[in-house]
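Report on one structure; see the data block that follows.
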Amino acid sequence: MPARTVLQPSDITRALTRISHEILESNRGGSDLVILGIPTRGVVLAERVGAILESIEPGSGTVGTLDITMYRDDLGRNLTRTPRPTRIPPGGIDGKTVVLVDDVLFSGRTIRAALDAMVDLGRPRAVRLAVLVDRGHRELPIRADFVGKNLPSSLAERINVRLDEIDGVEEVTIEP
Ligand code: 5GP
Ligand code: MG
């Protein structure tokens with residue numbers, strides 16, 4: 001069976017716009033927000049959310065990146081992993097509401113590693129999670145606060161997230 005398209009470009013844009021509004025609503029405005037993207041595609045999504053936040057409320061779209069490579073609990077299994085840079089905005093994360101952004105939420109282990117990585121960078125007031133796709137199959141007590149699309153999937157299925165900036169094409173597909 002071929003891959004099935006679950007989100008088209010306009011769906012992705014709408015989801016990110018809604019998530020941005022939800023972030024502002026739950027934070028009661030844009031003050032002290034830091035949006036941190038998890039490489040690779042989480043960074044692109046975080047930048048887009050940051051730009052939307054800026055357009056709604058100037059000054060609210062502070063964006064950085066959080067590499068979690070060295071905090072994975074399965075690090076020993078893959079020696080080829082090389083860390084990518086973590087880029088924390090000048091104001092840091094102390095006392096801020098940090099919104100982690102990733103493309104797909106699956107077992108939750110990446111986010112666990114992100115929480116671990118953040119301990120070394122400061123002490124946020126609160127940490128929230130935004131993902132474009134929640135495909136289920138959590139192995140840890142982790143959930144997303146902001147979800148583009150809930151996509152119940154079988155373990156054998158693969159979700160492909162393709163974004164213009166990286167892939168030159170914009171779509172989310174599910175493949176058996
Ligand atoms: P987790 O750590 O929650 O098991 O997996 C989440 C991380 O792995 C995310 O950074 C995401 O990019 C990647 N990932 C896990 N499952 C999928 C999937 O089905 N499709 C895509 N595109 N990425 C996935
Ligand atoms: Mg990823």
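Atoms considered below: every heavy atom in the structure, side chains included; atoms not considered: hydrogens, waters and symmetry mates. Numbering of ligands and ligand atoms starts at 1, following listing order.
Within ligand 1, the atoms closer than 4.0 Å to a non-hydrogen atom of Asp103 are 9 (C), 10 (O), 11 (C), 12 (O), numbered from 1 in the order shown. Each of the following atoms of ligand 1 lies closer than 4.0 Å to a heavy atom of Arg135: 18 (C), 19 (O).
Counting non-hydrogen atoms of other residues, nucleotides and ligands closer than 6.0 Å to CD of Glu139 gives a total above 12.
Among Asp134, Thr110, Val131, the residue whose heavy atom lies nearest to atom 2 (O) of ligand 1 is Thr110.
Nearest protein heavy-atom contact of atom 3 (O) of ligand 1 is Gly108 N, 2.7 Å. The closest protein non-hydrogen atom to atom 15 (C) of ligand 1 is Phe106 CB, 3.8 Å. Regarding atom 6 (C) of ligand 1, its nearest protein heavy-atom neighbour is Val104 O, 3.3 Å. Considering only non-hydrogen protein atoms, atom 21 (C) of ligand 1 sits nearest to Ile159 O, 3.2 Å. The nearest heavy-atom contact from the protein to atom 4 (O) of ligand 1 is Ser107 OG, 2.5 Å.
For ligand 1, the polar-atom distance check against Ile111 finds no nitrogen or oxygen pair separated by under 3.5 Å. Residue Asp102 has at least one N or O atom closer than 3.5 Å to an N or O atom of ligand 1.
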Between side-chain atoms of residues 88-95 and protein atoms elsewhere (two or more places apart, or another chain), which donor-acceptor pairs fall under 3.5 Å?
residue: Asp94; atom: OD1; partner: Arg123; partner atom: N; Å: 2.6

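Panel note: side chain Arg135, backbone Glu157; a donor-acceptor pair is recorded below 3.5 Å. The backbone N or O of Ala15 sits nowhere less than 3.5 Å from a side-chain atom of Asp11 that would complete a donor-acceptor pair. A distance-only check finds no donor-acceptor pair linking the side chain of Asp102 to the backbone of Val131 [under 3.5 Å].
Shortest non-hydrogen contact noted between Phe106 and Arg138 is O-NH1, 3.0 Å. Heavy-atom minimum distance, Arg143 versus Leu105: C-CD2, 4.4 Å. Heavy atoms only, all atoms of each residue included: Leu132 and Leu16 are closest at CD1-CD2, 4.4 Å.
When distances from atom 13 (C) of ligand 1 to the protein are checked, no heavy atom turns up under 4.0 Å.
Distances shorter than 4.0 angstrom do not occur between any heavy atom of Ile38 and any atom of ligand 1.
Taking the salt bridge (charged side-chain N to carboxylate O under 4.0 Å, His left out) definition, one finds that Arg87 meets it with Glu47, sequence neighbours left out.
At a heavy-atom cutoff of 4.0 Å, ligand 1 is contacted by the side chain of Arg72 but not by its backbone.
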